[in-house]
Structure formats: C-alpha cells, structure tokens
Amino acid sequence: MSLLEPDLDSVVRLPRQSARRRVSDRAFLIVLIISFGLALAGLVALLWYVFDTGLPAFGPRLWRRFPSLNPAISGARSAVFGTLWVLAVTAVLAVPIGIGAAVYLEEFAPADKWYTRWIALNIQNLAGVPSIVYGILGLAFIARGPIDLGPVVLTGGIILALLVLPIVIIASREAIRAVPESLRHGSFALGATRLQTARRQVLPAAVPGIATGVILALSRAIGEAAPLIMIGAFTYVPFNPTGLDSKFTVLPIQIFDWIGRPQEGFTQLAAAACILLLVILLVMNAIAIWLRNRYEQRW
Amino acid sequence: MARTTMLRRYATGIFALGLLLAACGEDVTSTGGDSSKLSGSISVDGSSTVGPLTAAAAELFQVDNPNVKITVGTSGTGGGFVKLCSGEIDMEDASRPIEKDDETEAPACKANGIAYEEIQIANDGISLVTNKDNEWAKCLTTAQLKKIWAPDSKVTNWKQVDSTFPDEKLTLFGAGTSSGTFDFFTKAVNGEEGSSRSDYNATEDDNVTVQGVSGDKGALGYFGLSYYEANKDKLNVVAVDDGDGCVSPSTATVQNGDYSPLARPLFIYPSVALLDRPEGLAFVEFYVKNSENIALETLFVPLTEAQLQTSLAAVQKPVASGTTTKS
C-alpha cells in the first residue's frame, strides 16, 4: 500500500498540472514546427530556384569546358579543379592540426589552468570571425608580406584551413569529451601511457564525431569566395592548377562572376554551377559517412 | 593494429587524391594548333566591368597562342592599381583613369619604378528607359535622378519628381549590387559607389528589366546602352540633362562623352615591362586591334576610329623602360 500512495497522489494532482502543461507543451511544439517549417521553406525555395534555373544548363560541359565569353559553350573546368585542389590542401592542413590541437586540449592540457581556458575561449571566438578577416590576414601575411606566396593554390588552402580550424577543433573536442572516462581508466589500469591511451583508445572511439566535424568544416570551406577574392584569386582562369604554386579560381568565385553578367545564359550557368557545387559537397559527405561507418564497425 | 592500418589507408587516400588531381591538372588545355611560338603567363586584375572584356580578349588570343596563360581577376579598379603598382600583376583593368594624387596609385607606381601605358579599350554608357506609354519623362536632370535614386529617397510617384508630371506610381528597376553597372550608376548619380535606395527591383539579368519596364506604365529602369539598342521597339529612352541641356544616349554621345554623367571610357594599363615581352606586346596589340568585336560581344560601346588609332599608337610606340608616359 505504501508503494501505491505516491502514485495515487500524483494521479490526483495530474489533471490540474497537465492542463497548464498541455497548453505550454503544445505551444512550444507549434513554435518548433513553425521554426522548422520556415527553415525548410527557405531551403526548398532556394533549391527550387537553383534547379529550375540551372538544370537546362547543367551538363558535362561544366567540368569539361573552360570559361568562355559565349555562355552557350562556357564551362567551369578550371573552377572545379581549383576547388578540389584548394579543398585537398585545406583538408591536409586543417584535419591533422585540428585533431592534434583537440587531443592536446582534452587529454594533455591542464584543465584547471587559466591559460588552457583562455586558449579554449579564443578558439571559440575565432570560429565566429567573419571569413573576410581571414582573407585580409592571408593577403597581408601569406600572399604578400613575410611569406609572399602570391595568389596561388597553397595560399588559398592555408587561408581556408585557418578559417575552418576552429570548427575542426571544437567538434573534435566534443567528440573526445564524449568518450567514456571508464575507457581511459581501463587503459591506464592495464599500464598504458597517456599517449598510448589517447592514440589507441580515445581517438578511435571519437572518430565518428570528429568525421562529422571535418565534414562541416570542409562544407564551409567549399562555399567560401570572399577570403579567396581577397588574397587575389583570379576570376578568369583558362587552365587547371598544375601544382601548389598554380594560379587558380574556385566555383563560388566563378558563380559570383557569372551572376554579375547581363546575359541571361550566364545566370543559368551560375545556377548550374551551384548544382555542381552541391553535388561535389554531397559526394564528399557521402565518402566521409562511408568511411565513418566502416570505421565504426571495425572498432 | 586495425587503427594504424586505418590511418595509413586514410593517408594513402589523401595521397592518391593528390596524384589524381595532379594528373588531371596536367591535361593539355590547348585544342587549337600550336602554331605560335609565344609562351609565358600574363596576370591581369582590376575592374569587374572591364574584366569580361579582357577575359574575352584572352579567350580569343589563346586560340592561336595556347601556351600563353592569361588570368583575369576582378578585385576592383582601386585594388587592381595597388597590385599593378606593387608589381604583382602585369596589367590592370580600369573603369576610370589612374589617380595622380592617391598614394596607392600613380605615386606608388613611380616609387616602385613601375612604368605603365594608359590605353582606352572601350566606352561604357548607361541608358535610362521608360515604358512606351510614358509621354512625360523625355528628359530628366541629374538632380531629379538623384532625388529618385538617393539612399533615403521617398519618391514613389512621378508627381514627386516634377510637379508637371502626371500622378502615376513610380516603379524602379536597376542593376543588382554585384554588377559594375550598379557601381557606375550609383557613383554617377549619387556621387558615391554603392550608394542607392534599395527598394527597387534589382536584377543582374537585364531581360528582367526590359520585361518589367515594358509591362508597367510608371516604370523607370537602367542598364547598359547596348541593351536599350537591342530593345528599342519595346522601350522609351530618357535623355539626361547635366546642366548643358538634354542629351540622349547613343553610340556617338557615349563615345564623345557628351552623354554626361552616364558615359565613361574604359581602360587597360599594361606595365611597360609587359609590353617589352613578346607575348605581352602580342596580347595587348591583339586586344586593341580586336577591341570593336570584343566590345560588341560583351555589350559595350566600341572605340571610335580616332580612339582606336590613339590606343594602337600607345601600344606600339617604342617605350623607354622606367618612365611613365603619363605623369
């Protein structure tokens, strides 16, 4: 009987509370659905416009032909390859450095010291810095100034790597923090060092979360035009990059250029290039998800 | 260890991707015959208005000269001059003459020992258009234009522009903010680049303006002169009074600058060092000689015969390195 008493109490109280609760519950749900609907409507409208305008112009010529003054035969070959090159450099730089920084901050840095907190805070602030600021930094220090690389693939890759590093670090830290403490304790108990524990237990367990962060970071990098225009990436490039010291252009810059042209054909081309950019992005994500799933099974 | 293999596989994947890109990058880009011996690379930057002209010239030039790699950037006339005068680029696209007093332009070139030539390559004119049924706005003064297009403008009716105009709703069409036409129009009408009211139908596609204006009795729109000429039968054109009487836009009034303030010359500024290189001289010469076709293809107003001769002379005259011809 004593076990039933609290239950009875709550049953008696329930209708009174739930009347109010139900209203606020429902109101909250409606707000959520409206928010979701607005976000979805925006996305659908954007996609509809892009596909409606761009599909007629979409075709292999986009990645087979170089840009031309005639929209009917123009393509974006140099921009497609420029994008892939710059993105590869970005990934090679940002992924190891970002994961390394995250592992240090989570596994090695003294969590109670002011400087650790200060660094972590600054990384979070950096994630919110507008991309054009990275462009100015890149122009002053990497394209010109002390490093003086010029507006080449490597410069573009470095700028985008700097731009997305905070995202990689923050996401990787979250993923590493989500690894259960018992795993580390178990590893220590078996005599593993901190390095061994981080490398063989924590990092593999955190890979799915890290991979998600990397996808988000590269997805941001692929759509950037402003910082690359800032460092002096070109608009019309009639050849593919041949190395890290090649001049280049990327799809967002090409799209921006076409959008500004008065001929109708270029508007369609710009939309078609947007579709291509989306496809590249989805393929990249698919590869990352496939890698992640494969990896999860192995562990 | 499984994860070591995994890491190795990841690294191999990245490496393979790099090789793949490198392999693709080495694709031979030429399609035409390799008859020309010219090779080298020419980098051009500057005005986004002139950019399409230079890109068109580069495309046509490379048909016969596939080994000359020409790149065109569009970081703006001001940004381009900075790059020209610091020696970063070989040629500048400019929608206005170089500033003699601006520290970052002519004086910077002089300080860095960069000599250049000023060569006019085309003319640019913006036409204001109204509906065919618009009987009243045959000519607008620059003050009236400013009143209509100022950033804080509250003008929504033709009567507010001029009390003699009928009580007709004013609908505005114009260029989108990323176009060179927008920069030019706002600078000419409101005195500051990019300064404009924003409650108008902004579009980069001039056909939208043609359709919008031809379907609305009270509409006023603007775009490049070539678009009016292609749609003469559907639209009325507005003359502009800059204090010296009404001038209608036409190829002639844009070329001689009478159609003020909405006409301007477009320039290229090759460095003398570029003109000293065989491929550089060949390209700039080709550009000027074909400027009429290029201007028509890219919807600008070509040079007059006299302007063409002046430009050709500027390219071909023997130049002494280290001196600017314009000082």
Side-chain angles (χ1 to χ4, degrees), chain A residues 66-70 74 77-78 80-82 84-85 87-89 91-92 95-96 143-144 150-151 153 199-201 203-204 207 229-243 246-249 253 256-264 266-268 270 287 291 294-295 298-299, chain B residues 1-6 9-10 13-14 17-18 20-22 24-27 29 41 43-45 48 51-60 62 66 69-75 79 83 86 88-89 175-176 178-182 203-208 223-224 226-227 294 297-299:
Chain A
F66 290 104
S68 165
L69 78 152
N70 178 358
S74 187
R77 186 176 173 82
S78 46
V80 171
F81 282 93
L84 294 177
W85 267 90
L87 219 60
V89 174
V92 166
V95 172
R144 297 178 188 163
V153 169
R199 218 180 79 188
R200 298 192 184 158
Q201 303 304 330
L203 210 47
V207 156
I229 290 178
M230 196 72 204
I231 62 160
F234 290 91
T235 312
Y236 171 80
V237 181
F239 51 85
N240 289 335
T242 49
S246 262
K247 289 168 188 162
F248 71 103
T249 188
I253 295 180
F256 183 63
D257 178 51
W258 281 340
I259 286 277
R261 302 285 187 97
Q263 294 98 322
E264 197 186 354
F266 283 116
T267 313
Q268 289 178 0
I287 292 172
L291 269 175
R294 234 171 86 98
Y295 199 63
R298 281 179 165 259
W299 189 71
Chain B
M1 297 256 87
R3 53 202 143 269
T4 324
T5 331
M6 204 53 217
R9 204 165 287 166
Y10 177 67
I14 295 276
L17 185 67
L20 181 77
L21 289 174
C24 293
E26 275 156 23
D27 267 4
T29 54
S41 84
S43 55
V44 188
D45 206 335
S48 62
L53 284 153
T54 305
E59 185 184 345
L60 297 172
Q62 280 163 331
K69 308 277 186 210
I70 303 168
T71 48
V72 183
T74 46
S75 59
K83 289 181 178 175
S86 66
E88 277 177 58
I89 56 171
S178 68
S179 72
T181 303
F182 175 80
T203 172
E204 305 294 357
D205 183 353
D206 292 343
N207 293 311
V208 173
F223 46 46
S226 54
Y227 254 80
I294 292 168
E297 279 285 344
T298 46
L299 308 175

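As the structure is a prediction and not an experimental result, all values here were calculated from the model. Lettering of chains follows the sequences in order, A, B, ..., and the numbering in each one begins at 1.
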Sub-4.5 Å side-chain heavy-atom contact between [X] and [Y]:
| X | Y | result |
| --- | --- | --- |
| Glu59(B) | Tyr236(A) | yes |
| Arg144(A) | Glu88(B) | yes |
| Thr71(B) | Val237(A) | yes |

Checklist entry - Just by distance, do the side chain of Glu297(B) and the backbone of Leu69(A) share a donor-acceptor pair under 3.5 Å? => result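 No, Glu297(B) side chain to Leu69(A) backbone: no donor-acceptor pair under 3.5 Å.
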For [X], is it the side chain, the backbone, both, or neither that has a heavy atom closer than 4.5 Å to a heavy atom of chain A?
| X | answer |
| --- | --- |
| Val208(B) | neither |
| Ile70(B) | backbone |
| Phe223(B) | neither |
| Ala58(B) | both |

Checklist entry - So which of Gly51(B), Gly176(B), Ser43(B) has the biggest tally of heavy-atom pairs under 4.5 Å with chain A? => result Ser43(B)
Checklist entry - So which of Ser86(B), Ser41(B), Ser75(B), Pro52(B) has the biggest tally of heavy-atom pairs under 4.5 Å with chain A? => result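 Highest number of pairs under 4.5 Å: Pro52(B).
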Next on the checklist: What part of Thr267(A) gets within 4.5 angstrom of chain B, counting heavy atoms only: side chain, backbone, both, or neither?
Outcome noted: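 Contact with chain B involves the side chain of Thr267(A) alone.
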Item to check | Interface moiety of Pro151(A) toward chain B, non-hydrogen atoms closer than 4.5 Å | outcome: neither
Next on the checklist: Could you check whether atom CZ of Phe256(A) has more than 12 heavy atoms from other residues, nucleotides or ligands sitting under 6.0 Å from it?
Outcome noted: no
